[in-house]
Amino acid sequence: MEKNDIKPRKLIFDKEGLQLLAKRLKEIRAEKGISQEELAYRADMTLSQIARIETVKTNPTVSTIFKIVRALEVPLSDLFNFELPPFSNE
């Protein structure tokens, strides 16, 4: 493969999926009466990290998701309890 044949890497940012995740995170927090600040404290994260996840400004890592789920004391499946629409190339 020639150097010129290498395609640039594309950043993966599934906005639709992240919006659904953010919505679900907010729902769980509301159900439990936990503020963003309290969640940040419990998860040993910054408030701005939680806010960026909930406003779809960042793509959280799997480790970050694990910390959040543990801090919320819910099963991982609860956070991902939403229907993800099929992928579209449009």
Side-chain angles (χ1 to χ4, degrees):
M1 181 183 280
E2 298 282 328
K3 185 175 184 179
N4 294 338
D5 292 339
I6 299 174
K7 293 181 181 181
R9 290 177 49 180
K10 186 175 180 181
L11 182 63
I12 298 172
F13 193 87
D14 185 335
K15 188 169 184 174
E16 189 174 29
L18 292 172
Q19 287 171 334
L20 292 167
L21 178 68
K23 180 181 177 198
R24 187 65 187 129
L25 176 56
K26 291 177 202 176
E27 289 171 354
I28 293 171
R29 276 196 316 96
E31 289 167 7
K32 292 188 161 277
I34 299 172
S35 67
Q36 285 183 340
E37 187 174 21
E38 178 65 21
L39 177 56
Y41 174 77
R42 290 181 183 191
D44 193 28
M45 297 169 60
T46 64
L47 174 57
S48 64
Q49 282 178 286
I50 300 298
R52 285 193 315 268
I53 292 167
E54 289 192 0
T55 57
V56 193
K57 303 277 192 255
T58 189
N59 190 354
T61 66
V62 174
S63 292
T64 298
I65 295 296
F66 291 163
K67 288 177 78 169
I68 290 170
V69 168
R70 286 183 175 120
L72 290 170
E73 298 178 339
V74 296
L76 183 62
S77 59
D78 280 7
L79 186 58
F80 288 97
N81 188 14
F82 54 84
E83 287 295 319
L84 189 61
F87 181 72
S88 172
N89 283 329
E90 296 174 11

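All residue numbers refer to positions in the sequence shown, counting from 1. These numbers were taken from a predicted model, which means no experiment stands behind them.
Ile53 has its side chain out of reach of Ile65: every pair of non-hydrogen atoms, C-beta onward, lies at least 4.5 Å apart.
With values rounded to the nearest 0.5 angstrom, Leu47 atom CG is found 8.0 Å from Ser35 atom OG. Between Tyr41 atom OH and Ile34 atom CD1 the span is 13.5 Å, to the nearest 0.5 Å. Considering CZ of Arg70 and CG of Asp44, their distance stands at 13.0 Å, rounded to 0.5 Å. From Leu21, atom CG reaches atom CD1 of Ile68 across 7.5 Å, with rounding to the nearest 0.5 Å. The structure places CG of Leu18 at 12.5 Å from CD of Glu54, a figure rounded to the nearest 0.5 Å. The distance from the CD atom of Gln19 to the NZ atom of Lys23 is 10.5 Å, given to the nearest 0.5 Å.
A donor-acceptor contact closer than 3.5 angstrom is absent between the side chains of Ser63 and Thr61.
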### Query
Run the salt bridge (charged side-chain N to carboxylate O under 4.0 Å, His left out) check on Glu73 and Lys32 step by step: do they pass?
CA-CA 10 Å; Glu73 298 178 339; Lys32 292 188 161 277; 5.3 Å; no
### Query
Run the salt bridge (charged side-chain N to carboxylate O under 4.0 Å, His left out) check on Arg29 and Glu37 step by step: do they pass?
CA-CA 11 Å; Arg29 276 196 316 96; Glu37 187 174 21; over 6 Å; no
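Taking every heavy atom of both residues into account, Phe66 and Leu76 meet most closely at CE2-CD2, 4.0 Å.
For residues 74-87, there are no side-chain hydrogen bond (donor to acceptor under 3.5 Å, both in side chains) pairs, not counting sequence neighbours.
Within a 6.0 Å sphere centred on NZ of Lys57, other residues, nucleotides and ligands contribute 12 heavy atoms or fewer.
With sequence neighbours left out, the side chain to side chain donor-acceptor pair (under 3.5 Å) criterion links Glu38 to Arg42. Under the side chain to side chain donor-acceptor pair (under 3.5 Å) criterion, Thr58 pairs with no residue, sequence neighbours left out.
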